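The figures here come from the full heavy-atom set of this structure, side chains too, leaving out hydrogens, waters and symmetry mates. The structure displayed is predicted, hence computed values, not measured ones. Each ligand, and each atom within it, is numbered from 1 in the order the structure gives.
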Amino acid sequence: DKYKEGLSKTRQSFSSKLNDLVARYRTVDEDFFEDLEEVLISADVGVNTVMALVEELEMEAKRQNIKDAYELKGLISEKLAEIYAGDDFEVTAPLNLQEDGLSVILFVGVNGVGKTTSIGKLAYQLAQEGKKVLLVAGDTFRAGAIQQLSVWGERVGVDVIKQSEGSDPAAVMFDGIQAAKSRGADVLLCDTAGRLQNKVNLMNELSKVKRVIEREIPGAPHDVLLVLDATTGQNALIQAKTFQQATDVTGIILTKLDGTAKGGIVLAIRKELNIPVKYVGLGEKMTDLEPFDPQAFVYGIFS
Ligand code: GDP
């Protein structure tokens, strides 16, 4: 399936390390658990999750009197999935789509993380579900951003509301909303500029764009999705914190999970930021975007 395919790098790196560990120890002792911690941390699972997991495994090994490392290995994926789902989050976090009327989704994130691609993929999925989708080319700053979104629009058969490069993003957003209203669109997917070099500008621009949306449609935006690149590892966490200060992020799209051997970052992000991961990108194709499912993820990196 999609998860298994997209996570093959993480799985290969992770399972070879795990198999080495099991072969090296045969019987479990304290050193085994310490080395296991290292293996998990090297997959970017996140220190807190790793600690909780290993503690749980040690207790379970005692409880069931498991001495054989191979036998314990079988418990790891089970416990990881349990720990992961056992927190405050719902197992999956769907989009906050309105049953009636227009839903507005704002996409934020730095350049190169896969924002445009994710908008295109999501537009494709929503259109497939029979929704009338419109895109707003709100990144008027980066050269080529408008054109790139237009290409995705054509590819998935969805119109793009745009102005020329350098124009006011808030004005483009206003246009987008008017177009969505007059055409009776169900979902408006809005791109934004992703420059982080100037944090103050970014914040000002985002809040201006958001104000336009809030004023035109009470209750909107219904989702603010932060796009993060899994291959940037711990850097993604730092970016997330910056964006959290700039705006109310309601969900994360974690892209390029297929491009990293450290896919455990998705667990760290969700645990440590307290923001649900709503989608994961598992490839470059239109169909390579999946709702994040922790259970499928955990089994994807183990089996
Ligand atoms: P933006 O600057 O944030 O809009 O980034 P783009 O959407 O242009 O994406 C940057 C690059 O990442 C492109 O080459 C995309 O094809 C690639 N990309 C985006 N999402 C994924 C993904 O989930 N997996 C892989 N392998 N590549 C991706």
Atoms of ligand 1 less than 4.0 Å from Gly112 heavy atoms? 1 (P), 2 (O), 3 (O), 5 (O), 10 (C)
Answer yes or no: does an N/O atom from Asn111 fall short of 3.5 Å to an N/O atom of ligand 1? no
Which of the numbered atoms in ligand 1 are below 4.0 angstrom from a heavy atom of Leu282? 23 (O)
Ligand-residue contact atoms, ligand 1 with Gly281, heavy atoms, under 4.0 Å: 23 (O)
Does ligand 1 come near enough to Thr116 that some N or O of the ligand is less than 3.5 Å from an N or O of the residue? yes
When you compare the side chain of Glu154 with that of Val151, does any pair of heavy atoms fall below 4.5 Å? no
Side chain to side chain, Leu228 and Ile269, heavy atoms closer than 4.5 Å: yes
Taking N or O atoms only and a 3.5 Å limit, does Glu284 qualify as a polar contact for ligand 1? yes
Sort out for me which residue in Thr231, Asp44, Asp229 forms a side chain to side chain contact (heavy atoms under 4.5 Å, CB included) with Thr260. Thr231
For residues Ile105 and Leu97, determine if any side-chain heavy atom of one lies less than 4.5 Å from a side-chain heavy atom of the other. yes
Residue Lys115 vicinity, atoms of ligand 1 by number, heavy atom under 4.0 Å: 1 (P), 3 (O), 4 (O), 5 (O), 7 (O)
Does some side-chain heavy atom of Glu165 sit less than 4.5 Å from a side-chain heavy atom of Thr140? no
Using a strict 4.0 Å threshold on nitrogen-to-oxygen distance, state whether Lys278 and Asp223 make a salt bridge. yes
Mutual orientation of the aromatic rings belonging to Tyr25 and Phe32 [parallel < 30°, tilted 30-60°, perpendicular > 60°]: perpendicular
What protein heavy atom lies closest to atom 8 (O) of ligand 1? Include the residue and the distance to one decimal. Gln148 NE2, 2.6 Å
Within a distance under 4.0 Å of any heavy atom of Arg142, pick out the atoms of ligand 1 and give their elements. 2 (O), 4 (O)
For residues Arg183 and Leu134, determine if any side-chain heavy atom of one lies less than 4.5 Å from a side-chain heavy atom of the other. yes
With a 4.0 Å cut-off on heavy atoms, is Gly259 touching ligand 1? no
Among Lys256, Lys285, Glu290, closest by heavy atom to atom 28 (C) of ligand 1 is Lys256
